[in-house]
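See structure below.
For clarity, every value in this text was computed on a predicted model and none was experimentally measured.
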Amino acid sequence: MSIDKALSGTGSWLDDRLHGAKGLRTFFRKIFPDHWTFLLGEIALYSFIILLLTGTFLALFFKPSMTEVVYHGSYIKLDGVHMSEAYASTLNISFDVRGGLLMRQIHHWAADLFVAAILAHMLRIFFTGAYRKPREINWLIGLVLFTLSLLEGLFGYSLPDDLLSGAGLRITQGVLQSIPIVGTYLSFFLFGGQYPGTDIIPRLYILHVLLIPGLFMALIGAHLFIMFHQKHTQMPGKGRTNQNVVGAPMYPYFMAKTGAFFFFTFAVLALAATFAQINPVWLYGPYNPLAISAGSQPDFYMGFLEGALRIMPPWQWVVFGHTFAFNVFIPALLPLGGIMTAAALWPFLEQWITGDKNEHHVNDRPRNAPTRTALGMAAVSFYGVLWAEGANDVLAQHFNVPLYTITWIARFAVFLVPIFTYIITKRICLGLQRKDLHLIQHGVETGIVRQLPSGGFIEETRPLDEEELAALGRPVALALPSGEGGAEAEVPAPDMRGGLGRVKARLNKIVNESVPIDEHGANGHGANGHGANGHGANGHSATAEDHAAVSSGSDDEG
Amino acid sequence: MSDSTHGQGPGEPEEGSLPGAQGETGEESQGRHRVIGTPSPAESRLLLAETAGGSAPGLPAAKPRTLPADPQDMAGAKRAEKIVAACFILAMLAGFGFIASYVIFQVHSVTNVLHSNLALGTCMGLAFLLLGVGATIWVRRLMPYVELTEMRHPMRSEPENREAFADTFKEGADTSQFVKRPILRRTLIAATVPVAVAPIVLLRDLGPLPRESLDHTVWRKGMRLLNYGANTPIRPGDFSSPGGMITVVPDGFQNDFNALAKAACIIIKFAPGQVVYTDHDYPVPNLTVKNWTVDNIVCYSKICTHVGCPAALYEETTHHILCPCHQSTFDATRGAKVIFGPATRPLPQLPMTVDAEGYLVARSDFTEPVGPSFWERGNSS
Amino acid sequence: MSSRRRHPLAPYAVVVGGLLLTGIGYAAVTAAGDASASPARITQSAQIAQGHAIFLEECATCHGQFAQGTPGVAPSLIGVGAAAVDFQTSTGRMPAKEPSAENDRKPPELNPQEIAAVAAYIESLGGGPTIPTSAQVSQRGANPGFGQQLFVADCAQCHNFDGAGGALTYGKFAPPLTKSTPTQIFEAMLTGPEAMPVFNNTTITPQEKRDIIAYIVQTRQEPNPGGFSLGRIGPVTEGLVAFLGLLLAMVFAAMWITAKHRKIPNE
């Protein structure tokens, strides 16, 4: 019997029962566009699968119990030490189960890669505008997934009950306890009484292995289904429009590629787990509430929260016998809450500002949306400053800078660096747009130098071909519904009146700031000069007068 | 354009076995960025498309292909095939190597684990790496390059479908009587509220209520301070070197983590004149209570008032106590007042004296709650 | 023996000399070879005199001619004991080139014999902790598990969980313990160099110090079963590796997989 017969036989059998032929054929012929950044989310997906696989293995040996035992295992240095069963079983996995250490390390590296890939994926989505209509729902699901990944990671690395993660748990408890009104209760309910108690590890365990992974699977399922249903976005290119999707079919191309990518993910994690030691809990020792190590750090994805706690000045109010521990709950809740809220609202805010209710399936190149890119980079730099401050003691030690100096720098940098990043990013974007414009208007340098009759030399250029031109993409500037003459029309459209309307008009100008890519672009219509002078960044001076004045002064720059 | 179509590679081993049944002359001139119709006369070897003698039932006999059957660069594909096969063979060997390593390398010591991890991980990593490399070369070099275009449709449903759905929905709502009979609707909603709240109620027994428990520690009058570790009581004479610092725990609770999480302390021995004292019997800002010290030995809570890490980096030269978690810094000579960092309150001082046998003991519990702030804490009393 | 007696202090000199010589590493062992021929020849007073000479040359600029110290620059050395001298000079921290927040470990400038001489001189000024004997720092029979408990309670907060060191306030640092000899660790606990608190023999007994030393030494000698150690400083380097190693490797893989196919020779 040939393989075809077997396949078609099985296929028929299944189709008789499931009626799958038509749907599956559509599935097979689904077109996926190719771009390396489109695989960032897949890194997270495959890390997640590897986390499930390795996590299941670990769960076969791990004992989520805080019962005290005296260790007499293979790690003889800790012989006779009192520790929780959770810690002892982690030592057991590391030293007495063949492949146990490898699985532990793959699991931990996969967790790090999972969050890193989610971050990278989120940034890709943001910077290319792939969250725009109709993909807002998936953007929101992604934000929830990101938040869950932080929790899942925190709970996971707390499970071994070692000294380092115990410090993290202690901080978590301190933060929880500081929340006004309900904090003490939350802490007592989570820990089953006073810290540390004997309930927290089993409770975190069930959240870590069941509840959150279950939520993950449901949300990842929804995330993928929606992505699939809406068809993937594509980068600008020849023949790529908002009405089509250009690429290779799911079967066999995408399946083969994504399969290969899964293998790569597993390979990278396995090799990392072989050659780079991660979370050596045997060195940290078992948890003990009166012990602490210098340089105690959380895993990298909690670093920015740690940094926020570290830069906070000692502010606290006591009002009517109640304590507002601003020094704790503000840094713990505000940066993450602020970034996530802003990220969740941004797609809708942008729609409101631009009045753009169209579907977008062709991504923006980041330079073609300078304001968005600049905002994103500002957020990244904000995160980055807090993250670095979260390691201030390690930085102090290894770069020989006094500890307090770093903290003081960070206290200012956390506000100033995002502002500078915004301004600089915007200027870089506009500069890159000008470079594109130059390419469009003057073509590509060919390297052929020719002598002019007058004696001068000139390098020959050739115009961009169709493909190159399309790949540049275009900034989409959307005027508001404001009648003739743009936002400064005499009779504004109804929703442009009043204070809110004026705010909207100003924001619109900022958001739409771009070098217009048309044949006359270099003449410097407002937006051009505006950006070149960096005025748009502060968002206040965008009146018509100074607008015009600025643009006339900047022609030479364009 | 002939490159985007292809004849059979001359040396293809399976060529002869392939039925040409479904070959048809497609339109090849659409260019490689368009839907490619390929006129391959041969059946491709792509898995499911492969048919035996065209006899597979259910497959339509002749339809225009949209995917080419063979790669554009046949010579390159031939080389690539060998490379891919080599990758897969090596991956297989690495896989066997993994199993062999599992059998060969035992664990139960640090060095053994090192070898075992190295062998297992290398084999596993290589196996997956080679699979990935092989699959990537396969898809890039052996599968013909195609670029297809699929049309998108607006996500918004057609108006008639939306209307039809709205009608259906309304119809159902009417039929269900949900709209017409408000009493049903309201009682149903009323019924679900307590049911929805029930799971939250169930969580109540997760832990006891805090009550006053955060205000106190296990320290009591006359309880000895034990040198943590050896758990021996301390005479001031034993702790006589200025600049000394040691972790102490309450006698009887040296292994009780719940007690220690609040009651752990450090004692510091100062040279005469280093500490700035108050003569009051209660804490005064920026001052250390003299009556609570013994012979220039001062006892502070080890639990940071920020979020509860053990604050124990004592610098003998500056008399700073630094918390390694968030760098709150306390001046041990001045009642452990905060001199840097996010902590808002000094480390509480434990009232101390000596008992009849000359050992350091607590005079009482701390006079204020130790550790991080909490809502009910108020002004520390 | 009695017929060869030349000085009433000679027996003490033998004892002191022996203690010093065994305590200061293998270089001292070589010296002991010579000394065995005439162990009593180095009299204590001669050694003290030599130490005094070295002191005046190397140390007195900061610590004062009579080791009384210079306020704000260098502490008094009266009563700090031989252990402090041995620690400071054998780790190369002293003689320091200039006063600073933190003196780093350097190759020692004085040779073991000179160190012994200076130590004897300082000890003669006012006693103080003595250099531990080799038996006191021997790890035979020590309990590293108990040492671990003590280490995390009283040492790790500054020196990190495996002795990698850490930052303190105002540019000071708790040094890494990667190169410290057992004798030096013992002496550091005993004398509390620089910002370090003192852990005298009645608060942490010599036996407990041995346990702590055993834990430190075994930990740093222990191979890293999981691969390269990444500095053993915890998640900071792990995070860097996750981004710069793992994520970047995956990005390269993604770029390869999705790279434009090589141009098909067309038309």
Part of [X] lying under 4.5 Å from any heavy atom of chain A:
{"X": "B/V110", "answer": "both"}
{"X": "B/S213", "answer": "both"}
{"X": "B/L313", "answer": "neither"}
{"X": "B/V103", "answer": "backbone"}
{"X": "B/A343", "answer": "backbone"}

Q) If you count heavy-atom pairs under 4.5 Å between each of B/P372, B/C325, B/S116 and chain A, which one has the most? A) B/C325
Q: Output the option from B/L322, B/V133, B/I303 having the highest count of non-hydrogen pairs under 4.5 Å with chain A.
A: B/V133
Q: Answer with yes or no after comparing the ring centroid distance for A/F324 and B/W375 against a 6.0 Å cut-off, counting only values under it.
A: yes
Q. Tell me, do A/F95 and B/H108 make a side-chain contact under 4.5 Å, heavy atoms counted?
A. no
Q) Would you find a donor on one side and an acceptor on the other, under 3.5 Å apart, between the side chain of B/N117 and the backbone of A/L102? A) yes
Q: Look only at the side chain of A/K257 and the backbone of B/T136, and say whether a donor-acceptor pair between them is shorter than 3.5 Å.
A: no
Q. Which class fits the ring pair B/F128 and A/F266: parallel under 30°, tilted 30 to 60°, perpendicular over 60°?
A. parallel
